[in-house]
Amino acid sequence: MPHFAKPAEGSWTAHYPELGTSPVDYRDSVDPAYYEAEREAVFKRTWLNVGRVERLPRTGSYFTRELAVADTSLILVRGKDGQIRAFHNICRHRGNKLVWNDFPAAETAGTCRQFTCKYHAWRYGLDGELTFIQQEDEFFGVDKSQYGLKAVRCEIWEGFIFVNLDPDAQPLHDYLGRFAKGIEGYPFDQMTQVTKYRANVGSNWKLFIDAFAEFYHAPVLHAKQAVQDESRKLMDVGYESLHYDIDGPHSMQSSWGGMAPPKDESMVKPIERKLRSGLFGPWDRPIEFELPSGVNPVRHKAWGIDSFLFFPNFMLLLWAPNWVLTYHYWPTSYNTHIFEGALYFVPPKNARERLGQELAAVTFKEYALQDGNTLEATQTMLESQAVREFPLNDQEVLLRHLHQTAHGFVDDYLRQKG
Amino acid sequence: MSTTLPPEFKDLEQFSDWVLFSEGERYAKRLASSMDDMQEFYDAAFPRLDDALSYLDQHELNSLPAEANNLLYLYCSLVNVSFPVEVWRQARVPDSGAASMDCILELKP
Ligand code: FES
Ligand SMILES: [Fe+2]
């Protein structure tokens, strides 16, 4: 018996007929050749979120991003004109990596007036311009104006910095589409208390998105996280979303979330009762504001969380108690990726709020550890190829869409390549 | 660095090795501790959580004196051990095998 209404077609999946209902082939998660195609077709052609503007507060603030999936490293920097720009992290003289500290492969951040190459001291302005060549008269008429840093498309949406390695890509706002429009105005800029986690995960990047794009697994895989009565109840009820939606390559689900605060406080752990916080975040809203129209789109009373997937690898979760969680999945090979999770809160006003945030963050980590470990188990068995096709249910509709979207990009790319 | 707590929390001084300023250190200490150790720390610190919150609220959160700051971080450790003590009865979250996750940016203060 459904607890929440489904579309007139009878199911969410049928509402998007192009998705079909047949079992899904997961060879796209175990095939090295397919992964190589994805790198070109997806990661070198779509808008990738690499951070927020708060990481670049001043003129000369910079950070680097290692993009193994696209075989490059990028410098993100705020210029004298206040503009944020992105460059390939490569010196135009003889190709040294321009910005790094002790370890060339490690990301770094800081503030500077200019970038100086460690190798032969060529210097570049914050706008990428080549400003100094060591022993310039030894060269054969190098025109400095032609040897600036190689720029990468860089655009900003609501304080989120995106890059695109394809110079011909459509503008970011067009790419992000209807969901982004519907979120605009959300006070991300007030949520400056941030904590970030990173993990190396032994699975294809899509498998972790799968795990976060459905909550069907939550009452089962995470059963041992809840106190026992609650856990049994959750499993009996199962999981149903309030609403799913798809817009081009992007998707979202809107979910209930009765845990913040819970209806029955005896159902949560003592520390959660004390600190008024838990998996669903701190129970009390630190600030009040009107939700933009695209958040809790069906305006459901039991609403708890919206989870947006901006293709390919940026998940944005907006929680009813007014905090934000982001996930990024950065492929490093066909069966490994780096997972990043960041929690954004309004800065705490007192010790209870601070400890409530600590509890939410550690809870997030414990759940993600269970998810991550399960993925390695899934990846290895998918690689056995003993079974190749898997039936997905209606609460897994967004997985169907994700895999199909990636296939679409790969097919287009292969067709263009001829 | 001093790890002394405010005098009002003398009874918790014996747990001052739980005053750790990064999530990574707190988590590592949890994994290296026995259930008995964690239970003992929890049983002593949990009942004093309200007292600690009231004490900390006498100060501006962003400019806590050193002893108060230590108390705050002692309670960050309490949050970390509450999971094994209250639910799992083991230091690691069940079904997490060798999976690990590093905190690369800490909450403030
Ligand atoms: S490689 Fe950078 S100055 Fe020579
Ligand atoms: Fe999960």
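Predicted model only: the values in this text are computed from it and were never measured. Chain identifiers are assigned alphabetically (A, B, ...) following the order of the sequence lines, protein sequences preceding nucleic acid strands; residue numbering begins at 1 within each chain. Values below: every heavy atom of this structure, side chains too, minus hydrogens, waters and symmetry copies.
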Heavy-atom pairs under 4.5 Å with chain B, option from A/Gln357, A/Glu376, A/Glu366 with the top count: A/Glu366

B/Leu53 and A/Asn350, any side-chain heavy atoms less than 4.5 Å apart: no

Rounded distance [0.5 Å steps], CZ in A/Arg198 versus OG in B/Ser100: 12.5 Å

Spatial distance of atom CG (B/Leu61) from atom CD (A/Glu353) [nearest 0.5 Å]: 9.0 Å

Check: B/Leu107 and A/Phe345 side chains under 4.5 Å, non-hydrogen atoms: yes

Distance in Å, B/Leu56 CG paired with A/Leu355 CG, rounded so as to fall on 0.5 Å steps: 7.5 Å

Atom group of B/Ala52 that falls short of 4.5 Å from chain A, counting heavy atoms: neither

Which portion of B/Leu105 sits near chain A, non-hydrogen atoms under 4.5 angstrom: both

Any side-chain heavy-atom pair of B/Asp57 and A/Arg352 under 4.5 Å: no

Chain A contact via B/Leu49 - side chain, backbone, both or neither, heavy atoms under 4.5 Å: side chain

Contact origin within A/Pro348 toward chain B - heavy atom pairs under 4.5 Å: both

Pairwise distance CG(B/Leu72) to CD(A/Glu358) - rounded to 0.5 angstrom: 8.0 Å

A/Lys365 (side chain) donor-acceptor with B/Met101 (main chain) under 3.5 angstrom: yes

A/Gln193 side-chain N/O to B/Lys108 backbone N/O, donor-acceptor pair under 3.5 Å: yes

Under 3.5 Å donor-acceptor, B/Asp95 side chain and A/Gln370 backbone: no

OH on B/Tyr73 to CZ on A/Arg354, rounded to 0.5 Å: 5.0 Å

Heavy-atom neighbours of A/Lys269 NZ exceed 12 at 6.0 Å: yes

Backbone N/O of A/Ile271 and side chain of B/Glu86: donor-acceptor pair under 3.5 Å: yes

Non-hydrogen atoms of A/Thr195 and B/Cys103 that approach each other most closely: OG1-SG, 3.6 Å

Residue part contacting chain A, namely of B/Tyr55, when any heavy atom lies under 4.5 Å: neither

Atom group of B/Glu60 that falls short of 4.5 Å from chain A, counting heavy atoms: neither

Residue, of A/Asn373, A/Thr374, A/Leu375, A/Asn200, that accumulates the most heavy atom pairs under 4.5 Å with chain B: A/Asn373

Minimum heavy-atom distance between A/Lys224 and B/Val87, given as atom pair plus value: O-CG1, 3.4 Å

Heavy atoms of other groups near A/Tyr216 OH, more than 12 under 6.0 Å: no

Side chain, backbone, both or neither of B/Arg30 within contact of chain A (heavy atoms, under 4.5 Å): side chain

Top contributor to chain B contacts, counting heavy-atom pairs under 4.5 Å, from A/Val201, A/Leu275, A/Thr363: A/Thr363

Atom group of A/Ala377 that falls short of 4.5 Å from chain B, counting heavy atoms: neither

Nearest-0.5 Å distance that lies between atom CG in A/Leu359 and atom CZ in B/Phe83: 5.0 Å

Backbone of A/Leu369 reached by a side-chain donor or acceptor of B/Ser96 within 3.5 Å: no

